[in-house]
*Asks:* 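This is the structure I want to talk about, given as structure tokens.
The figures here come from the full heavy-atom set of this structure, side chains too, leaving out hydrogens, waters and symmetry mates. From a predicted model like this one, the values you see are computed outputs, not experimental measurements.
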There are 2 protein chains.
Amino acid sequence: MVTIYDVARQAGVSAATVSRVLNGHVRVDPALAERVTDAVEQLGYRRNAVARNLRTSQTTLWAVIVSDVENPFFTSMVRGIEDVALSAGYSVVLCNSDENPEKESNYIAAALAERMAGVIISPSSNRVDDVELLLRADCPVVVIDRELSGQSTDTVLVDNEHGAELGTAHLVEQGFRRIACIGGPRWLSTATQRLDGYGKALRAAGRPVDPALIRHADFRERGGYEAMASLLDDNADAPPDAVFAANNLMTIGAMECLVQRGIAVPSEVAIVGFDAIPWADLIRPTLTTVAQPTYEVGRRAAQLLAKRLTSPDAEPTRVVLPTALQVRASSRRDG
Amino acid sequence: MVTIYDVARQAGVSAATVSRVLNGHVRVDPALAERVTDAVEQLGYRRNAVARNLRTSQTTLWAVIVSDVENPFFTSMVRGIEDVALSAGYSVVLCNSDENPEKESNYIAAALAERMAGVIISPSSNRVDDVELLLRADCPVVVIDRELSGQSTDTVLVDNEHGAELGTAHLVEQGFRRIACIGGPRWLSTATQRLDGYGKALRAAGRPVDPALIRHADFRERGGYEAMASLLDDNADAPPDAVFAANNLMTIGAMECLVQRGIAVPSEVAIVGFDAIPWADLIRPTLTTVAQPTYEVGRRAAQLLAKRLTSPDAEPTRVVLPTALQVRASSRRDG
DNA sequence: CGTGTCTGTGCAATCGATTTCTCGACCTCG
DNA sequence: CGAGGTCGAGAAATCGATTGCACAGACACG
């Protein structure tokens with residue numbers, strides 16, 4: 001590997017001068033500068049970021065730790081992050097924690113060890129430990145999608161409770177009587193808030209909240225499928241006539257269960273999901289969803305991180321973005 | 001930040017000993033070792049990977065550069081890579097080149113500068129330049145999904161030509177007469193091979209290959225949509241009665257176009273896509289696809305990279321995985 | 001008891017860049 | 001003509017870990 005000293009020798013200057021030319025902060029004699037750039041060219045020199053990072057103790061890498069790379073919600077968000085990061089001169093590396101606290105700790109340790117410039121994370125657990133580790137090490141952190149109890153960090157969320165309320169209220173208005181809910185893991189703020197919204201809408205309509213109609217699953221397709229199956233099996237005598245699913249993949253899973261059992265949607269069981277589903281238009285019936293501004297979530301998170309890097313001591317910001325109900329066929333009372 | 005010297009002072013030993021305890025290659029007096037681990041614990045020391053990387057000139061990070069994070073094909077593959085990487089002691093960071101050669105160069109430069117241990121890449125262009133850069137810098141590379149002309153590197157592909165042939169032949173057998181093709185970018189081996197397979201199947205059935213029925217798009221949803229629209233508009237007098245789409249997102253786009261124009265699938269236009277589509281069962285009609293073993297592609301690529309790291313001078317391996325036709329409703333001649 | 005071997009620890013060099021400090025060359029002005 | 005100031009380049013310290021080398025002490029053996 002060719003180093004800055006090789007370049008210096010070739011150009012007949014000192015390594016310090018090469019560094020100065022490369023970084024351009026300081027004035028250098030144009031004649032020397034040219035000799036340096038020529039030498040760089042000739043030798044195919046590429047700066048060793050590891051050495052530079054060690055000396056300057058900073059890097060240009062952002063770690064984005066998401067809990068499921070296969071969930072379109074996160075990939076779309078990543079695009080939002082990337083667009084901001086690149087224009088601010090940073091590169092984004094994506095880490096998949098797979099909703100697994102151990103993997104998550106691993107990646108946080110790596111981000112810390114590699115002294116990455118900042119981290120954007122959707123924490124898998126509400127164990128504050130890991131994120132606190134980052135904070136204690138003075139590593140700028142932005143939390144997305146999920147709220148951490150008892151921590152004040154920059155955070156970007158969507159209005160989960162209101163969104164869930166909208167979706168559920170819509171089912172109430174359509175005249176459905178037994179509205180079930182497939183919620184997410186109990187320990188995720190995202191999940192509990194959506195469950196709260198569901199309950200709030202029912203109470204507002206003077207309806208009881210029946211625990212027999214509530215399931216908790218894992219925010220994945222398989223979990224949604226199983227929750228739906230359990231809702232149907234356990235309420236065989238008085239099955240739900242509608243279901244609100246608390247995220248996109250579980251909505252899909254629930255649909256799959258209904259389709260497989262030959263239950264008509266929406267005439268026998270209506271369905272509303274939280275978060276957009278790619279190519280929702282091709283799914284029959286088309287799915288009513290509570291849409292989140294996923295790309296925007298990423299963009300805002302990246303902006304917060306960029307700002308924190310320039311002013312580390314500013315007060316933490318909490319951004320809450322709105323959701324919007326998009327009514328399609330799966331929730332229409334037809335007949 | 002607490003360094004190895006702080007730990008050494010606290011434990012009353014030298015930094016060298018701390019390093020030896022931490023790495024465990026060499027025997028150290030158990031009593032000292034305990035004092036060191038205690039000190040590490042007390043001070044909350046975390047090793048600075050940057051310094052270590054500089055000294056040892058190696059890291060434990062793999063860069064995976066994919067051309068579209070939003071394409072489920074790649075995310076599923078990443079899971080395969082991750083599972084192997086983690087068990088081999090490496091961490092995976094994902095970079096999204098967005099099918100954009102400039103972004104790709106950027107990430108390659110970053111991988112090189114950060115001296116990452118290895119790179120797995122699906123190159124956006126067939127410009128060999130970038131990948132060659134990696135090879136010249138002795139950075140182990142595995143190419144996936146796409147073939148690079150004139151380079152011998154470890155490569156993992158699927159049998160694109162055969163898969164496309166299967167898909168097209170299936171349409172021929174079903175009795176469709178005017179079978180169109182929505183191909184990918186001309187410069188991607190993946191795309192040309194699939195186009196070749198399409199042509200081969202037609203010729204094998206004694207059919208002409210009609211350029212008017214072939215479009216090239218960009219492997220994205222929008223591109224598939226536009227290609228389908230153009231196929232319909234430009235052949236208004238003799239429209240295609242079937243279409244073979246060369247990747248998953250374009251299949252979706254083509255479907256969307258057909259749905260939007262009220263064209264019945266498969267009775268008016270049948271469709272076969274390449275590569276699986278998530279929740280294909282919920283799309284009506286269900287989609288016939290040529291399935292690729294995406295997870296396995298990732299797994300094999302990771303295995304090749306792991307092997308290359310241990311034996312850098314072995315001959316490059318080229319793995320070609322099989323595809324399989326999965327017939328569903330969108331290609332059935334009904335009536 | 002002296003010599004040789006072995007074990008385990010510390011010292012100091014090293015990785016490759018950045019940056020402070022120092023110094024020489026040149027310029028300006030009284 | 002000399003003091004003071006400016007500018008730019010080189011020498012050397014530095015970031016934090018790893019590791020080759022030297023050496024101290026323990027032990028065995030003749």
Side-chain angles (χ1 to χ4, degrees), chain A residues 1-37 39-40 43-61 109-117 137-139, chain B residues 1-37 39-40 43-61 109-117 137-139:
Chain A
M1 214 61 240
V2 26
T3 77
I4 204 172
Y5 291 98
D6 301 325
V7 174
R9 195 174 326 117
Q10 168 98 1
V13 298
S14 75
T17 300
V18 176
S19 173
R20 283 190 270 256
V21 171
L22 259 35
N23 292 299
H25 306 312
V26 202
R27 281 196 48 74
V28 175
D29 181 343
L32 289 195
E34 200 185 323
R35 266 157 53 198
V36 170
T37 47
V40 166
L43 299 175
Y45 167 79
R46 341 202 90 238
R47 174 197 273 141
N48 183 330
V50 177
R52 157 179 254 215
N53 294 346
L54 176 59
R55 181 61 231 246
T56 61
S57 52
Q58 54 177 333
T59 67
T60 59
L61 245 41
L112 229 38
E114 301 285 343
R115 299 295 192 267
M116 300 215 181
D138 272 327
C139 177
Chain B
M1 213 62 239
V2 26
T3 76
I4 203 171
Y5 292 98
D6 301 325
V7 175
R9 195 174 327 117
Q10 168 98 2
V13 298
S14 76
T17 301
V18 177
S19 173
R20 284 191 269 255
V21 172
L22 258 36
N23 293 299
H25 306 311
V26 202
R27 280 194 49 73
V28 175
D29 181 343
L32 288 196
E34 198 185 324
R35 266 157 53 198
V36 169
T37 47
V40 165
L43 300 175
Y45 167 79
R46 340 204 90 237
R47 175 197 273 141
N48 183 332
V50 177
R52 157 178 253 212
N53 294 345
L54 176 60
R55 181 60 230 249
T56 61
S57 52
Q58 54 176 333
T59 67
T60 59
L61 244 42
L112 229 38
E114 302 285 343
R115 299 294 192 267
M116 299 214 181
D138 272 327
C139 177

*Asks:* Side-chain N or O of A:S14 versus OP1/OP2 of D:dG10: is the shortest distance under 4.0 Å?
*Replies:* yes
*Asks:* Taking all non-hydrogen atoms of both residues into account, name the closest pair between A:L22 and A:Y45 and its distance.
*Replies:* CD2-CE2, 3.6 Å
*Asks:* Tell whether B:R115 reaches the base of C:dG16 with its side chain through a donor-acceptor pair below 3.5 angstrom.
*Replies:* no
*Asks:* Taking the side chain of A:Y45 as heavy atoms from C-beta outward, which of D:dA17, C:dA12, C:dA17 is closest to it?
*Replies:* C:dA17
*Asks:* To the nearest Å, how far apart are A:N53 CG and C:dG16 C1'?
*Replies:* 11 Å
*Asks:* Just to confirm, is there a sub-4.0 Å distance from OP1 or OP2 of C:dT14 to any side-chain nitrogen or oxygen of A:Y5?
*Replies:* no
*Asks:* Taking all heavy atoms of B:V28 and all of B:A33, pick out the closest pair and write down the distance.
*Replies:* CG1-N, 4.3 Å
*Asks:* Heavy atoms under 4.0 Å, any strand shown: does B:V26 hit a base, just sugar-phosphate, or nothing?
*Replies:* nothing
*Asks:* Could you say whether B:R20 or B:V50 is positioned toward the 5' end of DNA chain D, judged by the nucleotide with the nearest heavy atom to each?
*Replies:* B:V50
*Asks:* Figure out the CZ/P separation between A:R52 and D:dG16, and round it to whole Å.
*Replies:* 17 Å
*Asks:* Out of C:dA12, D:dG16, C:dT18, which nucleotide sits closest to the side chain of A:L54?
*Replies:* D:dG16
*Asks:* Does A:R27 make a side-chain N or O approach to OP1 or OP2 of D:dA9 shorter than 4.0 Å?
*Replies:* no
*Asks:* Write down the distance between CG (A:D29) and P (C:dC26), rounded to a whole number of angstrom.
*Replies:* 13 Å
*Asks:* Looking at every heavy atom in both B:T59 and B:E114, which two are closest together, and how far apart are they?
*Replies:* CG2-O, 3.7 Å
*Asks:* Roughly how many Å is it from CD1 in A:I4 to C1' in C:dT19, rounded to a whole number?
*Replies:* 12 Å
*Asks:* Kindly give the heavy-atom pair with the smallest separation between B:A137 and B:L112, and that separation in Å.
*Replies:* CB-CD1, 3.8 Å
*Asks:* Any side-chain heavy atom of A:R47 within less than 4.5 Å of one from A:N23?
*Replies:* yes
*Asks:* Whole angstroms only, please: what is the CG-P distance between A:N48 and D:dG16?
*Replies:* 17 Å
*Asks:* Using a cut-off of 4.0 Å on non-hydrogen atoms, how would the nucleic acid contact of A:S19 be classed: base, sugar-phosphate, or nothing?
*Replies:* base
*Asks:* Once you round it to whole Å, what is the distance between P of C:dC15 and CG of A:D6?
*Replies:* 11 Å
*Asks:* Could you check which of C:dG16, C:dT19, C:dT9 has an atom nearest any side-chain atom of B:T17?
*Replies:* C:dT9
*Asks:* Which comes earlier along DNA chain C counting from the 5' end, the contact point of B:V13 or that of B:T56, where each point is its nearest nucleotide?
*Replies:* B:V13
*Asks:* Ignoring the backbone of B:R55, work out which of D:dC15, D:dA11, C:dT14 is nearest its side chain.
*Replies:* C:dT14
*Asks:* What is the distance, to the nearest angstrom, from the CD atom on B:Q58 to the P atom on C:dC15?
*Replies:* 16 Å
*Asks:* Of the nucleotides C:dC11, C:dT18, D:dT18, which has the atom closest to the A:N23 side chain?
*Replies:* C:dT18
*Asks:* Using a heavy-atom cut-off of under 4.0 Å over every strand shown, decide if B:V18 touches base, sugar-phosphate, or nothing.
*Replies:* nothing
*Asks:* Just the rounded figure in Å: distance from P of C:dA17 to CZ of A:R9.
*Replies:* 12 Å
*Asks:* Given C:dT9, C:dT19, C:dG10, identify the nucleotide with an atom nearest to the side chain of B:L32.
*Replies:* C:dT9
*Asks:* Side chains of A:R9 and A:D6, heavy atoms from C-beta outward: is any pair under 4.5 Å?
*Replies:* yes
